[in-house]
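Index from 1, following the sequence.
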Amino acid sequence: MRALLARHLAQMQAQTPPESCHALPTDALMAPGVVLLGLREDAVLVGVGALKTCDGYGEIKSMHTAAEARGRGVARRVLEALIGAARAQGLPRLNLETGSGPAHAAARALYGKAGFVTCSPFGNYRSDPLSHFMTLRL
């Protein structure tokens, strides 16, 4: 799992300037208040996602599908599991920050199909042309 999370972090850092990159390092994803999920196919880890519990809401962090597993519904299944985990915790809403550019278009489409809608920055985030904020009422 650490290797897939490291691949995700490296990809996000390569695509985004440091001041606009909000992906968490692996150690932060292992902290209390974070649910880290992995999806395996034939014992191979193909997707990860994290749910961070914040003050009054949940935030999706570090969703990533292994390149070799893309196009098989991995991200959708991880997202469904994260939404289920947020509901099980009784959270009223689930927020996320993703990129606003073409490299994140598939992610934004996935979130939109799951019912997420565009929202204003939340928590400690600030308006940033490289960020796109979304929320889902649970």
Q) Taking it one step at a time, do Leu96 and Thr98 satisfy side chain to side chain contact (heavy atoms under 4.5 Å, CB included)? A) CA-CA 7 Å; Leu96 64 88; Thr98 190; 4.1 Å; yes
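- A salt bridge does not link Glu59 to Arg93: none of the charged side-chain nitrogens sits closer than 4.0 Å to a carboxylate oxygen.
- In the hydrophobic clustering of ILVMFWY residues, with side-chain heavy atoms under 4.5 Å counting as a link, Tyr57 and Tyr125 come out together.
- Leu94 is listed as a side-chain neighbour of Leu51, based on a closest heavy-atom distance under 4.5 Å.
- Put simply, Leu45 and Met30 are part of the same group of oily side chains (I, L, V, M, F, W, Y) that touch within less than 4.5 Å, one to the next.
- Using a 4.5 Å heavy-atom cutoff, the side chains of Val46 and Glu68 are not in contact.
- The CG atom of Leu110 lies 9.0 Å from the CE atom of Met134; values are rounded to the nearest 0.5 Å.
- Under a 4.0 Å N-O distance rule, the pair Glu41/Arg72 qualifies as a salt bridge.
- Leu136 is listed as a side-chain neighbour of Ile83, based on a closest heavy-atom distance under 4.5 Å.
- Residues Thr135 and Phe122 fail the side-chain proximity criterion, which asks for heavy atoms closer than 4.5 Å.
- How far NZ of Lys61 is from CG of Leu36: 13.0 Å, rounded to the nearest 0.5 Å.
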Q: Go through the steps for Leu37 and Leu82 under the test side chain to side chain contact (heavy atoms under 4.5 Å, CB included), then give the verdict.
A: CA-CA 8 Å; Leu37 301 175; Leu82 292 170; 3.5 Å; yes
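- Inter-residue side-chain proximity for Val48 and Met63 is flagged as unmet; no heavy-atom pair is nearer than 4.5 Å.
- In this structure, the side chain of Asp42 does not engage the main chain of Val44 through any donor-acceptor pair within 3.5 Å.
- Between Arg108 and His132, some side-chain heavy-atom pair lies under the 4.5 Å cut-off.
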Q: I would like to know whether Phe116 and Ile60 meet side chain to side chain contact (heavy atoms under 4.5 Å, CB included); could you show each step before the answer?
A: CA-CA 11 Å; Phe116 284 80; Ile60 291 183; 3.9 Å; yes
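- Summarising the geometry of Val34 relative to Ala50, their closest heavy-atom pair is CG1-CB, 4.0 Å, with the distance given to 0.1 Å.
- Residues Pro129 and Ser100 approach most closely at O-OG, 2.6 Å, considering heavy atoms.
- Atom CZ of Phe133 is separated from atom CG of Asn95 by 10.0 Å, given to the nearest 0.5 angstrom.
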